[in-house]
Every structure is written in C-alpha cells, then in structure tokens.
Amino acid sequence: MGISDTLTEAFAYSLDEADPLAGFRDRFFVPPETIYLDGNSLGLLSTDAEMAMLGAIEAWKAWGVRGWTEADPVWFTLAESVSARLAALVGADPTSVIVTGTTTVNLHQMVGTFYRPEGQRRKIVATALDFPSDIHALKSQIRIHEGDSGRDLVLVPSRDGRMIEEADIIDAMTDEVALVLLPSVLYRSGQLLDMPRLIAAAHACGAMIGFDCAHSVGAVPHAFDAWGVDFAVWCSYKYLNAGPGAVGALYVNRRHFEREPAMAGWWGVRKDQQFEMEHDWVGAGHAGAYQISTVPVISTAALDGALAVTEEAGIAAIRAKSLAQTDYLIDLIKQYGLVESRFGYRVGTPADHDRRGGHVAVEHEHAAGISLALKARGVVVDFRPPNVIRLAPVALYTTFHDLWLAVQALGAIVERGEYLQMTSGDAVT
Ligand SMILES: Cc1ncc(COP(=O)(O)O)c(C=O)c1O
C-alpha cells in the first residue's frame, strides 16, 4: 500500500474496523455531531458511570443517612473500595492509594507533608512549564515555611519552550534540594517525563520526589510501587471519565505510612475508631490517613462506574491504541502538508513513544482562532496560550475516522481563513 492510500477516508474506516477497543465507544455519551478531542480536559460520561451515580442517588432516596452503612456499595468505605481498584491501575498496593480531594488540594496535602526544609536543604525543584495551580501551591507552601519562593523554588527552564530535558532536571538536583515535584505529562506539549529515571536521581541526591499525574493516569501505565516514588496526585475527570470536578486521588509510598499528614481530618482516622469521636487523631496507618473530609459519594460512585470500563479495556491496550492514534494524527498532519509554510502548523509533541503522553499539541500562530473555528465545526479541542491546540484522542471512545475528519478541518480552516472570523480566546477548559 502506497503512502497516499493511508491518507484516505477509507483507510481511516479500515483502522476502526481493526480496532479491538472499538466496541467501548457505545458505552459513552458522545455529543451528537461532534468530534470530541478534549478528553484530557473532561472525559465523556459512560453508561457505567451514569448507572453508578443513579445507583447512589437511589440509595440516598431509599436510605437517607442510613446509606452510610446500608447502601450497596456502603458509603462509609466507598473511597477505600474504589481506591483498591484504582491502585491496580497505577501499579500500587491497595493501601497506598486513596480516592479523595482534588488535584491541587491533594498537592497541598502532599507538599505540606513531604516538604521539610532543613538547614541548607530548602529548595523545591519544579519546571517552567508546569500547570499554574502546581506553582501556586508550591509558592504558598514555601510561604507557610517562611521561605522565599524567589530563592527556594527552582523552575527548570525549557530549551525549546515545549519540552523539559530530564538531564536539566537532574542537574538541578543538588544537596540544597528538599523536594522535587514534577508533572508526569506536560499539559501543553504532551511530553511524558521519564519518571523512573527522575525518581532514582532525586533519591540519589537525598530529596523527596512526587508527581502530578493528572495527564497520565488512565492513558499511560504507571508502576508507582516498583519505581519507588514518594507520592503522586491526580484527577479523575480527564482520562478516567468520572465527571466535571470529580474526586481526585493520591498515592503515598508505604515507607511513609508512619508520617503524620500535614492536614488531618476525621475522615483520615482509622475506620474502626472514627465514630468514637476522640480529639486525639489516630490515623488509618496508610494512604487513607490523608483523607480530610467526608467522601463525596456521588462523584466517587461515578469513578467507581467509570473505572469498570478502563479495567475491562485494560491499560496496556488503552496505551497501545492511544499511541497508534497519536501516531496517526501526527502522520496525517505531516502527510497532508499542514506543517508546510502555507498552512503554518507545527507538531509540538515528541515523536518518540517513550516521551509522549496522551495528546498531540498542534502549534499555530493563530491557534486561538483556529480552536474556535474547530469548535464551530463540531471538533472540540482546547487552546492553551500562547499557540497550542491540544487534540486528545481517547482510546475508549475516539475513532480513527474522527481523527481523519479533524485533520481535514485543520486544513480547511486555514485554507478558507475561517479563523479570521473568530474573535475571542477559549481557555476555559
Ligand atoms: C496538570 C494539572 N495539574 C493540576 C490541575 C488542577 O486540577 P484541580 O482543579 O482538580 O485542582 C490540572 C487541571 O487541569 C492539571 O491539568
């Protein structure tokens, strides 16, 4: 088959026919007339998550407060039961993961717990391309420790504005570093960092290391226990499809189970003592100790349901399809000549599979207007300033044909100047 045959719509359909995960799409509510490529911002609702949420609502109707002990599954230990399944997905012992809080709140909890500046060892290493909320959290944690973020926060610069070289991060790991906090996947370019290498290097320099895995859990396999990372946080509303603002999760390595969480609450107390209502805090003795408040039952139920789909497909198959789809997308963009100067697109995501997360960053001088023009055509993407259009195929529900159509739209929008009619940005995702 020649190169041109692989560019046809018929070839896109043939890829869908051969796709072993194709059947999972029927379990999702894909908005009508839409090519949905924004699952790295908000994943779609599955019938499984819908049923689980409806089940929780029915239990609330039927039981009222007795749902805490009578509902199926019982609400009182809902976080623990869902966490055990989530742990399997991230390569962790069930006691090392807890479904709780949200990404930034959990980050505060983790940094508060693990950042212990002492003597010369006061610095936190992060990157210049981090998601802003992580930087806000780190600066405020440094402030709590009466530090100075101008001195104590080291942001490893990018050489090209897209990627962060692991070697540069490792160079920043000196004996003045107390904590390293990194994204698993950079939210803008989609670069996947070499987590095992960075964990080993941080430990060699005597620092703690944690990861914000918001852009990798559900798309990329993890092996937290085997890698020996100290902690991790992530959300469940992107590739885990648990719904807008859904409950997040965190990982704590079991060697830290003796530590006391920076922010304690009654939900982190040992389950068998929680209702003794003592003022002395007796922690759960595992990741469950990091819970602060009452489990949010409806969104945890949604995660419970949504996880079933991910488990059934299997993370290895999800990753294999995700890479095949991002390969296909990058290939189509290049083969259609969209990177030539008359179109002006560039691909900002690494070509190497080992360095690629779940989405493709397409750069363009008029990225904001093009993103709006894509939405006007029913292709849902998001724009990240200054020049990135993020296209996220989600293995569970995106078809190869969707990607083929999205690339046609990218070409047509520039050819016809459609982006010139768009006026405002759209960064609200
Ligand atoms: C990498 C990353 N970290 C943190 C956050 C903030 O998450 P939350 O609003 O759940 O705290 C986001 C949100 O999209 C993100 O992409």
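This one's a predicted model, so the numbers in the text were calculated from it and none came from an experiment. First listed ligand is number 1; within each ligand, the first listed atom is number 1.
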Below 4.0 angstrom from a heavy atom of [X], which ligand 1 atoms are there? Numbered from 1 as shown, please.
| X | value |
| --- | --- |
| D134 | 3 (N), 4 (C) |
| T103 | 4 (C), 7 (O), 8 (P), 10 (O), 11 (O) |
| A214 | 1 (C), 2 (C) |
| D212 | 1 (C), 2 (C), 3 (N), 4 (C) |
| K238 | 13 (C), 14 (O), 16 (O) |

Please report whether ligand 1 has a polar contact with [X], defined as an N or O pair separated by less than 3.5 Å (distance criterion only).
| X | result |
| --- | --- |
| H215 | yes |
| T102 | no |
| T104 | yes |

(request) Output all residues satisfying ring-ring contact (aromatic ring centres under 6.0 Å, His included) with W266, sequence neighbours left out; order by chain, then residue number. (result) F275
(message) Is it true that, when you exclude M263 itself, more than 12 heavy atoms of the residues, nucleotides or ligands shown sit nearer than 6.0 Å to its CE?
(response) yes
(request) Give a yes or no on whether W281 atom CH2 has more than 12 heavy-atom contacts from other residues, nucleotides or ligands under 6.0 Å away. (result) yes
(message) Show, in sequence, the C-alpha distance, side-chain angles and deciding distance for T127 and D130, and conclude whether the side chain to side chain donor-acceptor pair (under 3.5 Å) test is met.
(response) CA-CA 5 Å; T127 93; D130 280 1; 2.7 Å; yes
(request) Kindly indicate whether the side chain of L129, heavy atoms from C-beta on, has any atom under 4.5 Å from the side chain of S189. (result) no
Can you give me every donor-acceptor pair (side chain of residues 404-412, partner residue at least two apart or in another chain, under 3.5 Å) with its distance?
| unit_1 | atom_1 | unit_2 | atom_2 | d |
| --- | --- | --- | --- | --- |
| W404 | NE1 | L7 | O | 2.7 |
| W404 | NE1 | Y336 | OH | 3.3 |
| Q408 | NE2 | Y336 | OH | 3.3 |
| Q408 | NE2 | W404 | O | 3.3 |

